[in-house]
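This report concerns only the one structure given below.
By convention here, the first residue in the shown sequence is residue 1. Bear in mind the structure is a predicted one, so any value in this text is a computation, not a measurement. Atoms within each ligand, like the ligands themselves, are counted from 1 in listed order.
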Amino acid sequence: MQDFLRNLPKVELHLHIEGSLEPELMFALAQRNGIELPYATVQEAKDAYHFNDLQGFLNLYFQGMNVLRREEDFYDLAMDYFKRAREEGVVHIDMHFDPQAHLQRGVPLETVMSGLLKAKQEAEATLDLSIGMIMAFLRDRPADEALHVLEQAAPYWKMLDAIGLDSAEQNNPPVKFVEVFKRAKQLGLVCVAHAGEEGPAEYIKEALDELGVQRIDHGVRCIESDEVVERLRSEQIVLTVCPLSNVSLKVVEDLRDHPLPQLLREGLKVTISSDDPAYFGGGMLANHTACAEAFSWDESVFRQLTKNAIDEAFTTPERREELLARLVSL
Ligand code: HPA
Ligand code: ZN
């Protein structure tokens, strides 16, 4: 099974590139940029990665990315993850990034974009990895600010595949961002949003109705509403489920209690991603292996999950065909 899972041409639809910052690279970048970290050692940083909820994680996530200052830092961040993911058999990544988290610290948008785009270009040319770009907005910040950043990103619109919505979900309903998503649609951008991670099933429905999203990130709390489950099934909306993330942030107590098997039985279009692999105990391979153990899934389940992700990935028709052919020939 381990060999099969490694060889499976895995497609990751839900990855925050800032959440792929391993403590080792954090220390290297802190030194390069003359920044003092709140940890004395790599081990001390790793030991701090225990969370009670989403906000507890977000505090460390925003603190960790403080070492990202220059274009080459963003390039190194992304390349470091791309190489690791490729070694685990990942063939495509739709990458979220959080411009507001960098703008707030005085890091210009051009610095972020040029570093990430350079890494994308190099990965696509040399690593047999395709990359989608999702510019995410922080839902606990004002909608006006998001709209301003979207306008500011005009030079990069054609390099973006989608906009997304992340950060603290509770009390920040999708409807707050109606104007931002309307503008993104006008620009021809696809829309996705985190919903139903810590927030209620109602937020999933709202993201579909009010924001017109084509994909729901997480979405596991749909299980609390028959109506929402039916909606997701009938429209075959993709859910980007992140099993180890949900355990780390206590969305579920234990992976064996995770609703994933039930979501599959309900006929939903489920996929598996790592979310923030540096913080939640591993990347795509670790997430797949953990599911194989917790749910005793056989190869056919993983083939279906991978097929779902290939169908949905932000890539060209040619690349999609190629990835499907690889899956079928495995
Ligand atoms: N949820 C919300 N915001 C985030 C996450 C997440 O899992 N990861 C990074 N930002
Ligand atoms: Zn996420």
Side-chain angles (χ1 to χ4, degrees), residues 11-22 26 49-66 68 77-78 81 85 93-105 112 116 132-141 146 149 161-174 176-177 191-200 203-204 207 211 213 215-222 238-252 255 258 260 270-284 286-287 309 312 314:
V11 165
E12 177 160 49
L13 302 180
H14 181 167
L15 176 275
H16 303 264
I17 198 65
E18 296 91 343
S20 76
L21 176 62
E22 290 291 341
M26 191 197 299
Y49 293 174
H50 294 287
F51 315 108
N52 291 319
D53 55 18
L54 176 56
Q55 190 59 56
F57 154 69
L58 288 168
N59 295 342
L60 290 196
Y61 169 79
F62 290 123
Q63 183 185 83
M65 68 176 80
N66 183 41
L68 303 168
L77 167 74
Y81 182 64
I93 300 168
D94 283 341
M95 160 175 77
H96 276 74
F97 58 99
D98 285 328
Q100 285 158 290
H102 309 301
L103 288 164
Q104 274 175 54
R105 301 183 291 111
V112 179
L116 295 180
M133 302 280 288
I134 305 174
M135 177 177 274
F137 297 107
L138 303 179
R139 67 200 306 157
D140 47 351
R141 307 276 310 168
V149 173
D161 293 282
I163 66 158
L165 191 60
D166 61 8
S167 199
E169 186 180 7
Q170 276 168 349
N171 303 316
N172 291 297
K176 177 176 165 187
F177 292 90
C191 298
V192 306
H194 285 52
E197 177 189 20
E198 280 200 343
Y203 282 11
I204 298 173
L211 304 184
V213 300
R215 177 190 294 181
I216 296 285
D217 293 312
H218 292 294
V220 290
R221 288 192 60 193
C222 71
V238 163
L239 299 185
T240 64
V241 177
C242 306
L244 292 179
S245 164
N246 292 156
V247 175
S248 289
L249 301 188
K250 301 194 165 40
V251 172
V252 295
L255 191 53
H258 198 284
L260 260 168
V270 174
T271 64
I272 286 182
S273 295
S274 74
D275 208 6
D276 299 281
Y279 292 92
F280 299 150
M284 283 291 270
N287 272 274
E312 174 76 8
F314 297 139

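Proximity of His218 to ligand 1 is established by a heavy-atom distance of less than 4.0 Å.
For the pair NE2 of His14 and OD1 of Asp275, the angle at the Zn ion (ligand 2) is about 80°; rounding is to 10 degrees. The angle that His194 NE2 and His16 NE2 make at the Zn ion (ligand 2), rounded to 10°, works out to 100°.
In Glu197, the part holding a heavy atom less than 4.0 Å from any atom of ligand 1 is the side chain. Counting heavy atoms under 4.0 Å from ligand 1, residue Leu54 touches it through the side chain alone.
Counting only N and O atoms by type, the side chains of Glu169 and His218 include no donor and acceptor under 3.5 Å apart. Side-chain contact, Asn59 with Gln63: no donor N or O sits under 3.5 Å from an acceptor N or O. With hydrogens and angles left out, the side-chain atoms of Ser167 and Asp140 include a donor and acceptor closer than 3.5 Å.
Contact check for Leu165 versus Leu211: side-chain heavy atoms found under the 4.5 Å cut-off.
Considering backbone and side-chain atoms alike, His16 places an N or O below 3.5 Å from some N or O of ligand 1. Not a single N or O atom of His14, backbone or side chain, sits closer than 3.5 Å to an N or O atom of ligand 1. Not one N or O of Asp98 is nearer than 3.5 Å to an N or O of ligand 1, by distance alone.
With hydrogens left out, the protein atom closest to atom 7 (O) of ligand 1 is Asp275 OD2, 2.6 Å, a heavy atom.
A perpendicular orientation is assigned to the rings of Tyr61 and Tyr279, their planes being inclined by more than 60° (bins at 30° and 60°). The aromatic rings of Phe57 and Phe51 sit perpendicular to each other, their planes meeting at more than 60°, with 30° as the lower class boundary.
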Discussion item. What verdict does the side chain to side chain contact (heavy atoms under 4.5 Å, CB included) test give for Asp275 and Glu197, after you've listed the backbone C-alpha separation in whole Å, the side-chain angles of each residue and the deciding distance to 0.1 Å?
Written reply: CA-CA 12 Å; Asp275 208 6; Glu197 177 189 20; 4.3 Å; yes

Item to complete: Start with the C-alpha gap between His14 and Thr240, add the side-chain angles, then the distance that decides, and say whether side-chain hydrogen bond (donor to acceptor under 3.5 Å, both in side chains) holds.
Response: CA-CA 6 Å; His14 181 167; Thr240 64; 2.9 Å; yes

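When each atom of ligand 1 is checked for a heavy atom of Phe57 under 4.0 Å away, the hits are 8 (N), 9 (C). Heavy-atom proximity to Asp276, at under 4.0 Å, picks out these atoms of ligand 1: 5 (C), 8 (N), 9 (C). Listed by number with element, the atoms of ligand 1 under 4.0 angstrom from any heavy atom of His194 are 1 (N), 2 (C), 6 (C).
When the options Ala168, Ser167, Cys242 are ranked by their closest heavy atom to atom 3 (N) of ligand 1, first place goes to Ser167.
Residue His96 is tested with Ile163, Asp276, Ile134 for a side-chain contact (heavy atoms from CB on, under 4.5 Å); the sole match is Ile134.
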